[in-house]
Structures are given as C-alpha cells and as structure tokens.
**Q** 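Take a look at the following structure, please.
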Amino acid sequence: MVAPGRNQAALDLLADRFGPLVRPVPLTGDEAGDRAAMCAAADGPIDMVIDLLPPSAPSSAARTAAMTVREQGRVVLMGGVGMLGGDDLALPYPWIMRNSITVRGQWMYPRTANVGIIRLLTSGTLELAPERVRSFGLDAVNDAVSYAASHGGPFDRTALIPGGSLRRYGRSSPAKRPENLEPGQAGARHAHVRYSPVSCSERS
C-alpha cells in the first residue's frame with residue numbers, strides 16, 4: 001500500500017505502525033514528480049486509488065494520486081475535496097477514455113462493511129494494537145465529547161458503548177484489545193479505523 005501525504009510526521013507514524021505494509025510518499029506539490037514517486041514506491045502497476053482527503057486539501061493532490069492507476073484501473077472518491085470551493089478535480093477526459101479508467105464516488109459505507117472489518121480483525125489481517133481507544137458508557141456522553149476533543153490525533157479513538165462501563169483498550173491493556181472481543185460485544189461493533197488517503201497496489 002502506497003500512502004502519499006503532506007504531513008511528514010503522520011507518514012512516519014504510519015511507517016512505524018505498519019512497517020513494510022505501507023510505503024509513505026511525501027507530496028511536494030509538483031504533480032509530475034509526486035506521481036512518479038508514487039509509482040516508484042508501488043514497485044508495480046497500481047490497480048486502485050482511494051481518495052479520503054479532507055475539504056481543506058487541494059484538488060491537485062487527489063488528481064496526482066488518481067492518475068497513477070494502470071490501464072483499466074479504478075479511482076474511488078470518498079473524501080471532501082472541493083466542498084469548501086476551489087479548483088475542480090479536472091481529470092483529463094482523454095486519459096480516462098483511452099485507459100478505460102473507472103472513476104466512482106462512494107458516500108459512506110455499505111452495510112456489508114461492518115462484517116468485512118470484523119473478518120479482517122478475526123483473521124489477524126488488520127491489527128488494532130496501535131489503536132488507543134477510550135470507551136465511555138452512554139451516561140458519560142459529555143465526558144466522551146470532552147475527551148474526544150482533546151484526543152483527536154492519529155490512532156486516538158473515543159467510543160460510546162451502550163450499557164458499557166468505562167474501559168480502555170490499546171497497548172497498555174493488550175488483554176482487552178478490541179480484537180479479543182466476541183463479535184457480538186459492543187466494542188467489536190464500534191471499533192473503527194481511519195487512515196490517510198492511499199494508492200493501493202493490489203497484486204493478482
């Protein structure tokens with residue numbers, strides 16, 4: 001997985017947490033150079049790009065990543081680029097047509113996504129040990145909001161659990177990490193992961 005980004009500290013954190021599974025690429029703003037760097041990091045054809053950039057990000061960053069996909073590749077737009085105004089994404093029509101590129105918008109997630117995430121967790125493919133999760137019962141919702149406001153960094157999570165007592169998950173409590181919960185428990189349902197935008201190189 002190739003992870004381009006403008007925040008070097010966040011990229012370093014991804015590399016530290018996921019090791020060789022993630023190949024960070026710092027973006028310089030030079031579209032041609034950044035595109036070449038992403039393709040080089042992939043070490044092979046890039047099958048899919050998923051864009052999760054926030055509204056504050058320039059459309060050029062999304063376009064740069066999108067145009068790294070191979071012929072018949074896929075581009076999934078799931079971020080907020082353009083929602084605050086600014087330039088359009090402006091993907092070249094000839095490039096899309098001649099390379100048979102599929103561009104798809106995706107609003108939120110299908111119902112099947114929860115089951116897919118749980119399967120990734122139970123198989124060990126998705127490791128939640130780096131996540132720092134603080135859980136609150138519904139009677140402590142105000143405390144949860146205050147905690148979330150001051151703990152909004154990468155891998156910091158705040159969860160509301162119906163009927164649940166206050167618990168902690170993460171490196172400090174490995175025996176109570178979310179992946180050790182039974183599928184029916186609330187913590188397993190509410191575990192979630194948020195990552196930076198990535199270009200995915202899927203090997204067939």
**Q** Quick check: is Trp107 connected to Met48 through a chain of hydrophobic side chains (ILVMFWY, heavy atoms under 4.5 Å apart)?
**A** yes

**Q** Which residues pass the side-chain contact (heavy atoms from CB on, under 4.5 Å) test with Ser123, sequence neighbours left out?
**A** Thr125

**Q** Would you say Ile50 and Gln106 make side-chain contact, with heavy atoms under 4.5 Å?
**A** no

**Q** Please name all residues satisfying side chain to side chain donor-acceptor pair (under 3.5 Å) with Asp30, sequence neighbours left out, ordered by chain then number.
**A** none

**Q** Measuring from atom CG of Asp143 to atom OG1 of Thr158, what distance do you get when rounded to the nearest 0.5 angstrom?
**A** 11.0 Å

**Q** Report the C-alpha separation of Met38 and Val49 in whole Å, then their side-chain angles, then the decisive distance to 0.1 Å, and conclude whether the side chain to side chain contact (heavy atoms under 4.5 Å, CB included) test is met.
**A** CA-CA 11 Å; Met38 282 185 262; Val49 168; over 6 Å; no

**Q** Write down the atom of Ala61, the atom of Leu27, and the distance for their closest heavy-atom approach.
**A** CB-CD1, 4.3 Å

**Q** How close do Thr64 and Glu31 get, heavy atom to heavy atom, and via which atoms?
**A** OG1-CG, 3.2 Å

**Q** Evaluate side chain to side chain contact (heavy atoms under 4.5 Å, CB included) for Leu128 paired with Phe155, printing each intermediate quantity in order.
**A** CA-CA 9 Å; Leu128 291 187; Phe155 303 102; over 6 Å; no

**Q** Considering all heavy atoms of both residues, which atom of Met108 and which atom of Met78 are nearest to each other, and what is their separation?
**A** O-CE, 2.9 Å

**Q** For Tyr109 and Ala113, work out which heavy atoms get closest and say how close.
**A** CB-CB, 3.9 Å

**Q** Atom CD1 of Ile101 and atom CZ of Arg70: how far apart are they, to the nearest 0.5 Å?
**A** 8.5 Å

**Q** Name all residues meeting the side chain to side chain donor-acceptor pair (under 3.5 Å) criterion together with Gln72; count only those two or more places apart in sequence or in a different chain, and write none if there are none.
**A** none

**Q** Contact between Met67 and Val75 at the side-chain level, heavy atoms closer than 4.5 Å - yes or no?
**A** no

**Q** Within the distance-only criterion (no hydrogens, no angle test), does the side chain of Glu127 pair as donor or acceptor with the backbone N or O of Ala129 below 3.5 angstrom?
**A** yes

**Q** Once rounded to the nearest 0.5 Å, what's the spacing between atom CD1 of Ile46 and atom SG of Cys39?
**A** 4.5 Å

**Q** If the condition is salt bridge (Lys or Arg N to Asp or Glu O under 4.0 Å), which residues does Arg119 pass it with, not counting sequence neighbours?
**A** none

**Q** For a salt bridge (Lys or Arg N to Asp or Glu O under 4.0 Å) check, start with the C-alpha distance between Asp47 and Arg74, then their side-chain angles and the critical distance, and finish with the verdict.
**A** CA-CA 6 Å; Asp47 297 314; Arg74 294 172 293 161; over 6 Å; no

**Q** Rounded to the nearest 0.5 Å, how far apart are OH of Tyr147 and CG of Asp156?
**A** 6.5 Å

**Q** Indicate every side-chain donor-acceptor pair of residues 86-97 with a distance under 3.5 Å to a residue at least two apart or in another chain.
**A**
none

**Q** Out of curiosity, Arg23 CZ to Met1 CE, how far, rounded to the nearest 0.5 Å?
**A** 12.0 Å

**Q** In Å and rounded to the nearest 0.5 Å, what is the CD1 to CG distance from Ile118 to Leu126?
**A** 11.5 Å

**Q** Heavy atoms only: give me the nearest Val2-Ala41 pair and the separation to one decimal.
**A** CG2-C, 4.0 Å

**Q** Does Val25 reach the side chain of Asp34, with side-chain heavy atoms less than 4.5 Å apart?
**A** no

**Q** With clusters built from Ile, Leu, Val, Met, Phe, Trp and Tyr whose side-chain heavy atoms come within less than 4.5 Å, directly or transitively, what are the remaining members of the cluster of Val115, listed by chain and number?
**A** none

**Q** Where is the tightest heavy-atom contact between Ala65 and Thr68, given as atom of each residue plus distance?
**A** O-OG1, 2.6 Å

